[in-house]
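Residue numbering restarts at 1 for every chain, and letters A, B, ... go by the order of the sequence lines. Quick note: numbers below take in every heavy atom, side chains included, and nothing from hydrogens, waters or symmetry partners.
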Protein chains: 2
Amino acid sequence: MQDAHEYLIAHNIHPSQQRVAVMRYLLDHHIHPTADDIYTALAPQMPTLSKTTIYNTLKVFADAGAIQVITIDEEATRYDATLLPHAHFKCQKCGLVYDIDFPANIDPTARQPEIPKDFELTSVQIYYQGICAKCKRNQN
Amino acid sequence: MQDAHEYLIAHNIHPSQQRVAVMRYLLDHHIHPTADDIYTALAPQMPTLSKTTIYNTLKVFADAGAIQVITIDEEATRYDATLLPHAHFKCQKCGLVYDIDFPANIDPTARQPEIPKDFELTSVQIYYQGICAKCKRNQN
DNA sequence: CAAATATATGTAATTATTACATTTTTGTAA
DNA sequence: TTACAAAAATGTAATAATTACATATATTTG
Ligand SMILES: [Mn+2]
Ligand SMILES: [Mn+2]
Ligand SMILES: [Zn+2]
Ligand SMILES: [Zn+2]
């Protein structure tokens with residue numbers, strides 16, 4: 001539970017009311033929400049909020065490196081305020097996107113001997129797909 | 001350069017003319033094309049081809065496990081007839097999606113100790129982003 | 001052949017995302 | 001504080017990917 005206001009300042013992002021609200025939502029809800037999820041959650045408390053502002057805000061965050069952009073879902077882009085390296089698992093039944101931590105002292109994103117040396121690397125994403133435990137149980 | 005017709009039969013997919021054409025395109029062009037790329041390439045030779053057929057066809061292929069679905073690109077879904085495990089690198093300048101082979105006798109997609117045991121895993125994707133060598137050269 | 005099934009097509013709808021022009025807010029300096 | 005410039009937010013409309021669905025055509029099977 002970090003402070004959204006401080007988090008933005010730490011990333012050189014001017015903390016407007018809307019930006020703080022979006023960042024707070026991301027920091028408090030580690031569910032990899034879509035732009036629409038965020039809008040739907042915040043709109044009731046911020047009647048003048050527009051969806052375009054959500055998109056603009058997320059772009060500012062991503063460009064500043066304050067959030068991760070997750071494209072595991074074909075339907076919509078998802079966003080993640082956790083910057084630490086970790087993987088994602090999307091359940092093909094319920095659609096939830098789970099965090100998958102890396103085993104202690106092994107970071108798979110750190111080893112990329114296969115990438116040509118003259119390529120400049122800026123990010124790594126590892127995406128798993130399958131069926132989550134909950135959905136497997138309710139399957140029979 | 002495999003035979004598209006045989007490839008479809010091997011995956012229990014009825015080899016209609018359109019399906020063969022789409023699969024041949026995928027087998028011959030390892031560029032991770034979008035649905036639109038494929039349509040644009042085939043339409044001149046197949047005047048009655050519709051874009052919906054491309055989408056239907058790609059869904060049939062994906063459901064049968066005959067192709068991989070690549071979501072590295074926020075703009076559009078991409079498709080890949082290479083089933084062997086390998087990673088992808090998207091250049092943020094030119095947009096090209098490169099194949100990244102895994103180093104000999106190491107398959108990073110084979111190690112998932114971090115995934116809960118009661119999760120059923122069906123696919124793994126590793127996505128890199130950055131700037132490709134060509135674009136770095138033309139940058140100055 | 002005829003019926004049943006599998007494929008393909010076309011149109012229209014849906015939805016995520018972006019472009020762009022306008023308005024509002026904020027920071028700053030006279 | 002007031003004025004002005006820069007930054008931020010908004011709204012509308014456009015774009016573009018994807019899907020829903022109804023129809024038509026082709027293929028398989030009895
Ligand atoms: Mn995450
Ligand atoms: Mn590939
Ligand atoms: Zn699930
Ligand atoms: Zn490039």
Just by modelled atom types, is the [Y] backbone N or O under 3.5 Å from a matching donor or acceptor in the [X] side chain?
{"X": "T71(B)", "Y": "T71(A)", "value": "yes"}
{"X": "H32(A)", "Y": "V97(A)", "value": "yes"}
{"X": "Y7(A)", "Y": "A66(A)", "value": "yes"}
{"X": "R19(A)", "Y": "H14(A)", "value": "yes"}
{"X": "H86(A)", "Y": "L84(A)", "value": "yes"}
{"X": "T53(B)", "Y": "L49(B)", "value": "no"}

Near DNA chain D, under 4.0 Å by heavy atom, which residues of residues 69-82 of chain A? none
Taking DNA chain D as the partner, which of residues 31-60 of chain A come within under 4.0 angstrom of it by heavy atom? T48(A), L49(A), S50(A), T52(A), T53(A), N56(A)
What string of B, S and - do you get for nucleotides 24-30 of chain D, 5' to 3', when a contact is any protein heavy atom under 4.0 Å? ---SS--
Side-chain N or O of Q18(A) less than 4.0 angstrom from OP1 or OP2 on dT25(C)? no
Taking side-chain hydrogen bond (donor to acceptor under 3.5 Å, both in side chains) as the definition, give me every residue that meets it alongside T82(B), ordered by chain and number, with sequence neighbours left out. D80(B)
Kindly write out the residues that satisfy side-chain hydrogen bond (donor to acceptor under 3.5 Å, both in side chains) with D118(B), not counting sequence neighbours, or none if the list is empty. none
Mind checking salt bridge (Lys or Arg N to Asp or Glu O under 4.0 Å) for R78(B) and listing every partner two or more places apart, or none if nothing turns up? D73(B)
